[in-house]
Visitor: 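What follows is a single structure, and I will ask about it in a moment.
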Amino acid sequence: MIMPRPTTAQLSYGSCTVIFSTLAMLLLSQTSSGVGIAVIAVSALMLGLLVAMTVPMPKRPRVVAVRKPAGAEREQAEEPVLTRP
């Protein structure tokens, strides 16, 4: 299964979520330990991924091939052609 490329909206929403949630969690927790910062960073990345994946994908128009029946070309060629004398 081929995974579609992320859209601009998905990249934007995901990136903004990571940045703002990281800043908010760091300011609210007031942690200074490396483990705390790592937990916050991983949490922000997971939240950004979740937000990016829930942005709806644009619907692409469906292309439908129209085929003529096999005998359609022969029927048109066999029709009488009206000519003026």
Visitor: Examine M25 and I37 and state if one hydrophobic cluster contains both, with Ile, Leu, Val, Met, Phe, Trp and Tyr joined whenever side-chain heavy atoms are less than 4.5 Å apart.
Guide: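 Per the 4.5 Å side-chain linkage, M25 and I37 are co-clustered.
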
Visitor: If you round to the nearest 0.5 Å, how far is OH of Y13 from OG1 of T7?
Guide: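 Answer rounded to 0.5 Å: 9.5 Å.
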
Visitor: With a 4.5 Å cut-off on side-chain heavy atoms, are L47 and S43 touching?
Guide: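 In short, these two side chains do not touch, never coming nearer than 4.5 Å.
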
Visitor: Grab the two heavy atoms, one from V18 and one from A44, that are nearest each other, plus how far apart they are.
Guide: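 Closest approach of V18 to A44: CG2-O, 3.5 Å.
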
Visitor: Please report the closest heavy-atom contact between R5 and Q10, naming both atoms and the distance.
Guide: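 Residues R5 and Q10, closest heavy atoms: O-OE1, 4.4 Å.
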
Visitor: So, for A9 and V55, which heavy atoms are closest and what is the spacing to 0.1 Å?
Guide: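 Here A9 and V55 meet closest at CB-CG1, 4.3 Å.
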
Visitor: Roughly how far, to the nearest 0.5 Å, is CG of L45 from OG1 of T22?
Guide: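 Output value for this atom pair is 6.5 Å.
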
Visitor: Given S12 and T8, is the side-chain contact (heavy atoms from CB on, under 4.5 Å) satisfied, shown in steps?
Guide: CA-CA 6 Å; S12 300; T8 305; 4.1 Å; yes

Visitor: Verify, without hydrogens or angle tests, whether T54 (side chain) and V51 (backbone) share a donor-acceptor contact under 3.5 angstrom.
Guide: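 Here the side-chain-to-backbone pair exists.
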
Visitor: Return the CG to CD1 distance between L27 and I40, rounded to the nearest 0.5 Å.
Guide: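 CD1 of I40 is found 9.5 Å from CG of L27.
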
